[in-house]
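Shown next, in structure tokens, is the structure this report addresses.
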Amino acid sequence: PPLEPLFPPQPGASPGFAERVRQHKVRLEWVRVEPAGLRGAVRVLNLAYEKAVSVRYTLDRWASCAEVPAAYQPAGPPDGLTDRFAFLLPLGPAEPTLEFAVRYRVAGAEYWDNNDGANYRLRGPGPLRDPDGTAWVHFI
């Protein structure tokens, strides 16, 4: 089974999304788990021509992390106020967890979308755990 988002996978479809982009400058638009990894899109407020968008992620609860650049999508939103960037996070066959945040650098400033401080988290298939040792299984 693939990774399961622990957040709504299409924040861009929720009411007030455009206003959140205007207010925070950067917001995750959607994600989708694919065989190649986690694919997604980010919407940023168009503050200057030159801009850089990247996704910082971890598979081990931030003991280590990696960052991938997001690519500008020329057929972006027709609103003229925002731009869309797409990313792909490469994943192995059975990652236990994934956390990520989005970084937007423009005009000497840096803006983050980290899901309001909680990071974007996805849970993968993992061993079933019995934290207190009291569970049992009855076979018929």
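The figures that follow rest on heavy atoms only: side chains count, while hydrogens, waters and symmetry mates do not.
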Problem - Heavy-atom closest contact (R20 atom, P15 atom, distance) - result: NH1-O, 3.0 Å

Problem - Closest heavy-atom pair and its distance - P8, P11 - result: O-CD, 3.3 Å

Exercise for the section: Look only at the side chain of Y104 and the backbone of L45, and say whether a donor-acceptor pair between them is shorter than 3.5 Å. Expected result: yes

Exercise for the section: Answer whether the closest heavy-atom distance between the side chains of V44 and K51 falls below 4.5 Å. Expected result: yes

Exercise for the section: Identify whether V102 and Y72 are in the same connected component of the hydrophobic contact network (ILVMFWY, side-chain heavy atoms under 4.5 Å). Expected result: yes

Handout entry: Heavy-atom pair of closest approach, residues N119 and A101
Key = OD1-CB, 4.0 Å

Exercise for the section: State whether the side chain of D79 and the backbone N or O of T82 hold a donor-acceptor pair below 3.5 Å, judged by distance alone. Expected result: yes

Handout entry: Carboxylate-amine/guanidinium proximity below 4.0 Å for R32 and E34
Key = yes

Problem - E4 and L122: CA distance, side-chain angles, deciding distance, side-chain contact (heavy atoms from CB on, under 4.5 Å) verdict - result: CA-CA 5 Å; E4 171 191 6; L122 294 95; over 6 Å; no

Problem - Distance (rounded to the nearest 0.5 Å) between L28 CG and N115 CG - result: 8.0 Å

Handout entry: Side-chain donor/acceptor of N46 to backbone N/O of L81, under 3.5 Å
Key = no

Exercise for the section: Output yes when D83 and R43 qualify as a salt bridge under the 4.0 Å nitrogen-oxygen rule, no when they do not. Expected result: no

Problem - Cluster link L6 to L3, ILVMFWY, side chain under 4.5 Å - result: no

Practice task
Let me see the working for Y120 and N114 under side chain to side chain donor-acceptor pair (under 3.5 Å), right down to the final yes or no.
Solution key: CA-CA 6 Å; Y120 290 99; N114 62 0; over 6 Å; no

Problem - ILVMFWY network linking W30 to Y57, side-chain heavy atoms under 4.5 angstrom - result: no

Exercise for the section: Output yes when a side-chain donor or acceptor of Q73 lies under 3.5 Å from a complementary backbone atom of A71, and no otherwise. Expected result: yes

Handout entry: Test log, rule side-chain contact (heavy atoms from CB on, under 4.5 Å), inputs V31 and R39
Key = CA-CA 6 Å; V31 294; R39 186 173 304 278; over 6 Å; no

Practice task
Verify the distance criterion only: is there a donor paired with an acceptor across the side chains of E99 and T58 at less than 3.5 Å?
Solution key: no

Practice task
Looking only at non-hydrogen atoms, find the nearest pair between A48 and V106 and report the distance.
Solution key: CB-CG2, 3.7 Å

Exercise for the section: Mind running side-chain contact (heavy atoms from CB on, under 4.5 Å) on V42 and V26 for me, showing each step along the way? Expected result: CA-CA 7 Å; V42 175; V26 57; 3.6 Å; yes

Problem - Minimum heavy-atom distance between E29 and F17, given as atom pair plus value - result: CA-CZ, 4.0 Å

Practice task
Could you go through the side-chain contact (heavy atoms from CB on, under 4.5 Å) check for R103 and E110 one step at a time?
Solution key: CA-CA 7 Å; R103 177 164 62 164; E110 186 172 273; 3.1 Å; yes

Fill in the blank from the handout: dist L59:CG -> C65:SG (nearest 0.5 Å) comes out at 10.5 Å

Exercise for the section: Group every Ile, Leu, Val, Met, Phe, Trp and Tyr by side-chain heavy-atom contacts under 4.5 Å, then state whether L88 and L38 land in the same group. Expected result: no

Exercise for the section: Indicate yes or no: at least one non-hydrogen side-chain atom of R105 is less than 4.5 angstrom from one of Y111. Expected result: no

Completion exercise
Of all heavy-atom pairs linking A70 and F87, the shortest is CB-CB, 4.1 Å

Practice task
Spell out, as yes or no, whether a donor-acceptor pair under 3.5 Å connects the side chain of R27 to the backbone of H24.
Solution key: no

Handout entry: E19, CD: over 12 other non-hydrogen atoms inside 6.0 angstrom
Key = yes

Exercise for the section: Flag yes if V68 and V53 sit in one hydrophobic cluster, no otherwise; membership is Ile, Leu, Val, Met, Phe, Trp, Tyr, and two members link when side-chain heavy atoms are under 4.5 Å apart. Expected result: yes

